[in-house]
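Below is one structure, written out as structure tokens, with a few remarks after it.
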2 protein chains.
Amino acid sequence: MFRISTVVDFAEKSCMAGIREQKKSATRKAILIAAVRLFAEKGVEQTSMEELARAAGIGKATIYGYFSTKKEIFLAYCEEEVAYAFSILERKQDEDAPLTEQLVGLMIAQLTYVTSNREFGRLFAREIMFPGEQTTLASHDLDRHYMQRLMGALSRGQGRSELPADCDLLLLMGHLHALYLFSLSLFYQGDLANMDEAEILLRALVMQTLNGLTALLHADTQEAERWEELKLIFLLRRHLKFE
Amino acid sequence: MFRISTVVDFAEKSCMAGIREQKKSATRKAILIAAVRLFAEKGVEQTSMEELARAAGIGKATIYGYFSTKKEIFLAYCEEEVAYAFSILERKQDEDAPLTEQLVGLMIAQLTYVTSNREFGRLFAREIMFPGEQTTLASHDLDRHYMQRLMGALSRGQGRSELPADCDLLLLMGHLHALYLFSLSLFYQGDLANMDEAEILLRALVMQTLNGLTALLHADTQEAERWEELKLIFLLRRHLKFE
DNA sequence: ACATAAAGTCGACTCTGGTCGACTTTATTG
DNA sequence: CAATAAAGTCGACCAGAGTCGACTTTATGT
């Protein structure tokens, strides 16, 4: 679940420096705090700007001096959350684990985090993957950060000869990111019920990518078995949903 | 660009059969026709339900007897478009081309189609990949159809020994779909400026999937060169966007 | 300290998606 | 051909996102 304190701390540290009077923009804090609480309690749609304003102790029109749309409030919150999530991720990562494990671990951690609140995750994913014309997520930092981490894992893997020396790491990175997005989408389409299923799928996909098309056959039989099971579940679910 | 006639024809053929009196639901037609025109002319957001109703020659409240939300109108339209697009795709496909070409061709065709109207494509993609709780796209038929076609191409490829006999086709299909989604997302994030770029990327990714991590090295040098160029463009764009 | 500008605040308003309930048309049945 | 039910239609309304302009507070210059 999402935390309140972090959001606020991040907001404060990030932008302002000298001008003391801008402490007034503690109002921004108040808005975000109220937003997090209400959004989590009643959902984004079900929270009106009027309510939100009152919860923050200000008038509705005042909000628009800080955020220009409701969506912007939501995204401001999400960005800070994601930044925080990364900082957690960093600590968890085991740089000496086999490459596949590192990659799957990274993806699962992020997946878990993003979907910890279903609605938030959905809105966020929509906005990130298919941004509106005006939406300028400041999260390009985050993107970069994420890519650097992924790239780091790949380079280390290459150093340890888990990857061919002449392998195109950028392409591979994109490739892996594609797998992550795919899993996220499957989750929201109801094909993946939980993170255990996601992990089975991701492991199969990553192995297929790194070790070739028939990788599963040459791997851990338990892994292969799990995937076979999951496959059946997929087919079943698709059928049920349609009839 | 999107056509009007097809939408309507599809709508009519699909649902009704005996009951003549339901010809009254030509109103549905009228709504969709008006919607297509107005949505395309002024954009979805910029078209009000009032306008839409008037353009269809009815009162606003009447619309809600046919569609329960604005989004539903939009999606109804999209679904029919996509069904139509598939029927076109079918004719184009060359079952004897090399597998990579077939796959890339299929993806590019779909990509081209979906993005032929930027806004429509974005909204559609959002809804398909991260559907809301209540959104029940009837497009599971379409999904199935799409998957069957992909699977068909893969099976044929396997028959021709372009794929190992013991390769997991379902997993591979998911994998390929992931690459498609990734490209679509990159397009909307501004990393891909046009379909030529998309094709270079997709070809590189598909080759990496089918032929292994170092596939590009062993391939057509021209292909590899194009990808190297595109890589530079990516890095450049990401930088520019941030500063 | 005062004047003036700038920033912040908010009540009242507009606009639009969606609902409600009364009204009109069409179909059914004895 | 009524009588009655069912479906279709829409004016009037509601709620919520976002805007406007007047008012209040704070900062700046003299």
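These numbers were taken from a predicted model, which means no experiment stands behind them. The chains referred to below are lettered A, B, ... by the order of the sequence lines, with proteins before strands, and numbering in each begins at 1.
E45(A) CD: 12 or fewer foreign heavy atoms inside a 6.0 Å radius.
Ring centers of Y146(A) and H177(A): under 6.0 Å apart, within the cut-off.
Cation-pi geometry between R118(B) and F187(B) is satisfied (NZ or CZ under 6.0 Å from the ring centre, within 45° of the ring normal).
Take the nearest nucleotide of DNA chain D for I58(B) and for E51(A): the residue whose nucleotide is more 5' is I58(B).
A straight line from CD of E72(A) to P of dA17(D) spans 15 Å, rounded to a whole angstrom. Per the geometry, CD1 belonging to I31(A) stands 13 Å off P belonging to dG18(D), to the nearest Å. Whole-Å rounding puts the Y66(A) OH to dA17(D) P distance at 20 Å. Atom CZ in R54(A) sits roughly 17 Å away from atom P in dA15(D) (whole-Å rounding).
F234(A) meets the ring-ring contact (aromatic ring centres under 6.0 Å, His included) test with no other residue; sequence neighbours excluded.
For E51(B) and T47(B), the side-chain atoms include no donor-acceptor pair closer than 3.5 Å.
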Return the polar atom pairs (N/O with N/O) between nucleotides 14-17 of chain C and the protein under 3.5 Å, or none.
residue, atom, partner, partner atom, Å
dG17(C), OP1, T47(B), O, 3.4
dG17(C), OP1, K70(B), NZ, 2.7
dG17(C), OP2, M49(B), N, 2.5
dG17(C), N7, K60(B), NZ, 2.8

Short N/O separations, protein against nucleotides 20-24 of chain C, under 3.5 angstrom:
none

Show your working on side-chain contact (heavy atoms from CB on, under 4.5 Å) between V114(A) and F120(A) and close with a plain yes or no.
CA-CA 8 Å; V114(A) 169; F120(A) 287 8; over 6 Å; no
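In this structure, F74(B) and F39(B) have tilted ring planes: the angle between them lies in the 30° to 60° band.
An OP1 or OP2 oxygen of dG8(D) is reached within less than 4.0 angstrom by no side-chain nitrogen or oxygen of T62(B).
Ion pairing of R237(B) with D191(B) is absent here, as no side-chain N (NZ or NE/NH1/NH2) approaches a carboxylate O to less than 4.0 Å.
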